Colleague: 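Have a look at this one.
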Number of protein chains: 2
Amino acid sequence: MNTSPPRSLRHAAARPSPTLEDLAVAAGVSRSTASRAINGGDRVSAEAQAAVDRAVVALGYIPNRAARSLVTRRTSSIALVIPEPDVRVMMDPFFAVVITGITEALRETDVQLVLLMSRTDDDSSRTLRYLRGGHVDGAIVVSHHKADSWARSLAETGLPTIFIGRPWDMAFDVTYVDSDNVGGGRLAARHLAGIGRRRLATVAGPADMTAAVDRLRGWREGLAEAGLPEGPVVHADFTTNGAVAAARRLLAEHPDIDGIFAASDLMALGVLDVIHAAGMTVPGDIALMGYDNHAVAETAPTPLTTITQPMVEMAVKAGSMLLEEIEAPGSHPEPVIYSTELVERASTSVAPTASAAKA
Amino acid sequence: MNTSPPRSLRHAAARPSPTLEDLAVAAGVSRSTASRAINGGDRVSAEAQAAVDRAVVALGYIPNRAARSLVTRRTSSIALVIPEPDVRVMMDPFFAVVITGITEALRETDVQLVLLMSRTDDDSSRTLRYLRGGHVDGAIVVSHHKADSWARSLAETGLPTIFIGRPWDMAFDVTYVDSDNVGGGRLAARHLAGIGRRRLATVAGPADMTAAVDRLRGWREGLAEAGLPEGPVVHADFTTNGAVAAARRLLAEHPDIDGIFAASDLMALGVLDVIHAAGMTVPGDIALMGYDNHAVAETAPTPLTTITQPMVEMAVKAGSMLLEEIEAPGSHPEPVIYSTELVERASTSVAPTASAAKA
DNA sequence: CGCTGCCGTGGAAGCGCTCCCACTTGACAG
DNA sequence: CTGTCAAGTGGGAGCGCTTCCACGGCAGCG
C-alpha cells in the first residue's frame with residue numbers, strides 16, 4: 001500500500017483556483033465558448049458573454065498563463081537585458097529611467113517585464129539561452145559595449161529585439177532607439193565656442209561605446225564648424241574616478257586650456273575636482289560642460305552646464321516599438337533618434353564664479 | 001478542402017525547438033527517463049544519463065517552461081513589487097540597488113525576476129490579481145507607505161512574500177528585511193551631541209512611513225540619552241524641495257539651532273541650501289547630517305555626514321529568504337534587521353568650514 | 001532455489017488552455 | 001417548401017511536460 005506523503009502538492013495546498021472548465025460549468029456554456037468569451041468575445045452571443053462575465057466575477061477566475069502560453073506559444077512577457085556590471089547599474093539613474101519608461105509602455109497591456117542582468121560571460125550565455133528558449137516574446141537590450149555581441153546573437157534567434165542605444169555591430173538590420181549623440185557633442189562645442197572659449201579640450205568616453213564615439217565626433221564637428229582647432233582629447237570610462245586621472249593628465253600637458261567638455265556629468269564631476277585642486281576656478285579659468293543632465297549636474301559644487309536627452313521618452317518608445325514588432329513580426333521598424341538639448345548652468349556662465357549665487 | 005492559411009504559426013515559424021520527445025528519441029530512451037535525467041537524474045542509470053546529456057547538447061534542447069510550469073505549478077519566477085510613483089524610482093538609487101541585490105541572490109538559480117510597478121490604485125489591483133494568479137512563486141515588496149495595503153492583501157493569498165522595509169501593518173506575521181532605523185536615528189543624535197551641539201532639530205520624513213517614524217524615534221532616544229531636550233521637529237517628504245520649505249519654517253521659528261538632522265540626504269541638500277541662503281555656514285553655524293549615504297551626500301557643496309545601511313546586502317538577503325520560503329513553505333522566517341553606521345564628512349566636522357579641504 | 005524487495009524503465013494520464021472542426025439553428029433567398 | 005449560409009456552439013485533440021504506476025530484471029536472503 002502506498003503510504004508516501006502527497007508530494008505532488010508540496011507547494012500548492014492553497015485552494016485550487018478555478019479552471020476554465022469550472023467557469024464554463026458555472027456559466028452554463030461549453031469550455032470553448034467560455035474561452036472565446038474571455039478572449040475578446042468573437043463569435044459569442046450576448047447572453048453567453050454576459051453569463052461568462054458574471055461567472056468570472058463570481059468565481060474570481062484568472063486564466064492560467066502557463067496553459068495558455070503552452071498552446072499559443074506566446075508568453076506575454078518581454079525581457080530587459082542589461083549587460084552591465086552592477087556598479088554601473090547602481091550609480092547610474094539611467095537604468096531606473098529605462099525601466100520606468102518600459103513599464104509605462106507596458107501598462108494597459110498584460111505584458112510583463114522580466115529583468116535579465118548579466119555581469120559575467122557565463123551569465124551572458126545563460127541569458128542568451130533563456131532568450132532563445134522562447135521564454136519571452138521579445139527583448140529590449142541596453143546596448144553599450146563593443147565587446148558584447150548581443151546584437152548579432154539575438155538577431156540570429158529571430159526574437160523581436162529593440163536596442164536602446166545604437167549597437168556597435170550594425171552589419172545587419174537592427175532596430176534601435178537612440179539620442180543624437182553627435183548633435184549633443186556639436187551642441188557642446190558650439191556652446192563653449194559661443195561663450196568665447198578658444199582653447200578647448202574634451203574628456204571623451206570609452207572608445208568602444210557608440211555613445212562616446214558619437215559625442216566625440218559631434219564635438220569635433222562642432223569645433224571645425226566654429227573654426228577652432230581640434231584640441232586635446234583624453235579618454236576615460238564615464239566614471240568620476242576615471243575622469244580624475246584623465247583630467248590630471250590633460251591639465252598637466254595643456255595648462256592653458258580654457259574650456260573642457262566631459263562626455264558625462266559623472267566625469268565632469270571628477271574634472272571639476274581636478275581643476276579646483278589645481279587652484280583654478282570654474283568657469284573663471286576653465287568653462288566646464290558635462291553630458292546627460294544627471295541629477296549630480298545640478299547638485300555639483302558648481303552646477304554643470306550639460307546636454308540633456310529625453311531618456312524616459314526613449315525607453316517608452318523602445319517598449320512600444322517592441323510591442324509592435326511582436327504584434328506584426330517581420331515589420332522591421334526604422335531606428336528612432338531623439339534630439340538633444342543644452343542645459344545651461346553656472347559652470348559655463350560668462351559671469352565670474354557664480355557658485356554662491358543661489359536663491 | 002482546407003485552404004485556410006496556417007494561422008497557428010503566425011508567430012512561431014522559426015525552426016521548432018526540440019521537445020522532450022525528440023530528446024528521448026535521440027538519446028534512445030523513453031520520455032520519462034529523459035525527463036528524469038534532466039531534472040536531477042534521480043533513478044536514472046549512468047548510461048541513460050550520459051546519453052541524455054549528449055542528446056541535450058546535440059539538439060540544443062531547452063525545456064519548455066510553460067509546459068513544465070503547467071504541471072509542476074511552479075513558475076520559477078518571482079516578482080518585485082514597487083508600489084511607488086515613477087518620480088521616486090527615477091531619483092532614488094535605492095531601487096536600482098534593490099534590483100541588483102535580488103538579481104545577485106537569484107543567480108545560480110533559474111529563477112527570473114519579474115518587475116511590477118504600480119503607480120495608480122488601478123495598477124495596484126492589477127498587480128494583486130497578477131500575484132494571485134499564480135504567475136509567480138513569490139514576491140518581494142518594497143514597502144513604504146502606510147496607505148498601501150499590500151501586506152495584508154498578499155498575506156491573505158498565501159503567496160510567499162518578503163518585505164524590504166518593515167511594513168506598516170504588522171497585525172499578522174510578515175517576514176521582512178530592514179535596517180535599524182531607530183539605531184540610525186540614535187547614532188545621529190549621539191554624533192551631533194558628541195561634537196558639542198546642544199540646540200538640535202530634525203527634519204523628519206513623512207509620518208506614514210516606518211523608516212521615517214523609526215529614525216525619528218531613534219533620534220529622540222538619542223537626545224534623551226545625551227540629556228538634551230527634544231528640540232523642534234518638522235516633517236517633510238524625503239525630497240529636496242520638500243525639505244526646503246520645512247527648513248525655512250524651522251530656521252524662522254528657531255534661529256538659534258546649531259545642529260540639524262535631516263532624515264535623508266536628499267532632504268539634507270535642501271536644508272543646506274536654506275542655511276546658506278540665510279547667510280549661515282555648515283558646519284560653522286549649524287552642523288548638518290543626512291541619512292542614507294546617497295551619492296549626493298559625497299558630491300554636495302559641503303559633503304554630508306550621514307548614516308549608511310547595507311542596502312545591497314539587505315536586498316540579497318530578501319532574495320535568498322524568499323527562495324528559502326518558496327522551497328520550504330510554511331517556514332515563516334524571522335525578520336532580519338541590519339545595523340547602520342555613521343559616515344563622517346565635512347558637514348559635521350569640528351574644524352571651520354572645510355569645503356575646500358579636498359585633495 | 002524460490003521469494004522478497006529494489007532499481008531502472010516505459011506507458012499513459014493529465015496539467016489548463018486554445019482552436020479546429022463539425023454540428024445545430026434560424027434567416028433568407030430561390 | 002427546399003437550399004444556402006452565417007452565426008453560435010460544443011466536442012475533442014493536443015501543446016510539452018511531469019509523475020503515477022506497473023513491469024521486468026537482478027541482487028540478497030532465507
Side-chain angles (χ1 to χ4, degrees), chain A residues 1-12 16-25 27-52 56 59 61-76 110 133-135, chain B residues 1-12 16-25 27-52 56 59 61-76 110 133-135:
Chain A
M1 201 161 283
N2 182 4
T3 52
S4 64
R7 308 178 43 205
S8 56
L9 39 88
R10 65 181 177 197
H11 182 237
S17 42
T19 77
L20 185 60
E21 182 78 52
D22 301 334
L23 184 72
V25 170
V29 298
S30 73
R31 225 174 43 249
S32 313
T33 303
S35 175
R36 274 181 230 115
I38 282 173
N39 300 294
D42 204 28
R43 295 185 154 284
V44 177
S45 67
E47 306 92 74
Q49 181 72 55
V52 172
V56 165
L59 268 60
Y61 173 75
I62 300 173
N64 181 318
R65 224 176 213 200
R68 176 178 285 177
S69 140
L70 179 57
V71 37
T72 60
R73 287 148 187 296
R74 292 275 218 112
T75 62
S76 286
D110 72 333
H135 300 316
Chain B
M1 198 161 288
N2 182 3
T3 51
S4 65
R7 309 178 43 207
S8 57
L9 39 89
R10 64 181 179 199
H11 181 240
S17 43
T19 76
L20 185 60
E21 181 78 50
D22 302 333
L23 184 73
V25 170
V29 298
S30 73
R31 233 182 28 255
S32 319
T33 304
S35 174
R36 276 182 229 114
I38 282 173
N39 301 293
D42 205 28
R43 295 183 156 282
V44 178
S45 67
E47 306 93 74
Q49 180 73 56
V52 172
V56 165
L59 270 60
Y61 173 76
I62 300 174
N64 180 318
R65 225 173 215 207
R68 177 178 284 178
S69 138
L70 179 58
V71 37
T72 59
R73 281 144 191 300
R74 290 275 218 112
T75 63
S76 286
D110 72 333
H135 300 316

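Because the structure is predicted, anything quoted here is derived from the model rather than measured. Every chain is numbered from 1 and lettered A, B, ... according to where its sequence line falls, protein lines coming before strand lines.
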Colleague: At what distance, to the nearest 0.5 angstrom, does CG of L70(A) lie from CZ of R65(B)?
Modeller: 14.5 Å
Colleague: Counting only side-chain nitrogens and oxygens, does S32(A) get under 4.0 Å of the OP1 or OP2 atom of dG10(D)?
Modeller: no
Colleague: Distance check, rounded to the nearest 0.5 Å: H135(A) atom NE2 versus N64(B) atom CG?
Modeller: 7.5 Å
Colleague: Let me know the distance between CD1 of I38(B) and P of dG16(D), rounded to the nearest Å.
Modeller: 14 Å
Colleague: In whole Å, what is the span from the CD1 atom of I62(A) to the P atom of dC17(C)?
Modeller: 11 Å
Colleague: Can you measure R65(A) atom CZ to dC17(C) atom C1' for me and round it to whole angstrom units?
Modeller: 14 Å
Colleague: First locate atom OG of S30(B), then atom CD of E21(B), and finally report the distance between them rounded to the nearest 0.5 Å.
Modeller: 9.5 Å
Colleague: So, is Y61(A) near the phosphate of dG16(C), with a side-chain N or O under 4.0 Å from OP1 or OP2?
Modeller: no
Colleague: Measure from CG on L20(B) to C1' on dG14(D) and round the result to the nearest Å.
Modeller: 16 Å
Colleague: Mind checking if A48(A) touches a base, just sugar-phosphate, or nothing, with heavy atoms under 4.0 Å?
Modeller: sugar-phosphate
Colleague: Measure from CZ on R74(A) to C1' on dC17(C) and round the result to the nearest Å.
Modeller: 16 Å
Colleague: Below the 4.0 Å mark, does dC17(D) have OP1 or OP2 next to a side-chain nitrogen or oxygen of S35(B)?
Modeller: no
Colleague: Determine: side-chain N/O of R73(B) to OP1/OP2 of dT18(D), distance under 4.0 Å, yes or no.
Modeller: no
Colleague: It should be established whether S30(B) places a side-chain nitrogen or oxygen under 4.0 Å from OP1 or OP2 of nucleotide dG10(C).
Modeller: yes
Colleague: Has N64(A) got a side-chain N or O lying under 4.0 Å from the OP1 or OP2 atom of dC15(C)?
Modeller: no
Colleague: So if I take every side-chain heavy atom of V71(A) and compare against dT19(D), dG16(C), dC17(D), which nucleotide ends up nearest?
Modeller: dG16(C)
Colleague: Does the side chain of T33(A) get closer than 4.0 angstrom to OP1 or OP2 of dG10(D) through an N or O atom?
Modeller: yes
Colleague: So, taking the atom named CZ in R68(A) and the one named CG in N39(A), what distance separates them when rounded to the nearest 0.5 Å?
Modeller: 5.0 Å
Colleague: Starting at the 5' end of DNA chain C, which residue's closest nucleotide do you reach first, L70(B) or V44(B)?
Modeller: V44(B)
Colleague: Using a cut-off of less than 4.0 Å, is there contact between a side-chain N or O of R43(A) and OP1 or OP2 of dG8(D)?
Modeller: no
Colleague: Could you give the CZ-to-C1' distance, from R31(B) to dC17(D), as a whole number of Å?
Modeller: 8 Å
Colleague: To the nearest angstrom, how far is L23(B) atom CG from dC17(D) atom P?
Modeller: 9 Å
Colleague: Between N39(A) (CG) and dG16(C) (P), how many Å, whole number?
Modeller: 17 Å
Colleague: Taking the nucleotide of DNA chain C with the closest heavy atom to each, which residue, R36(A) or E21(A), is nearer the 5' end?
Modeller: E21(A)
Colleague: Measuring from L20(A):CG to T33(A):OG1, what's the distance to the nearest 0.5 Å?
Modeller: 10.0 Å
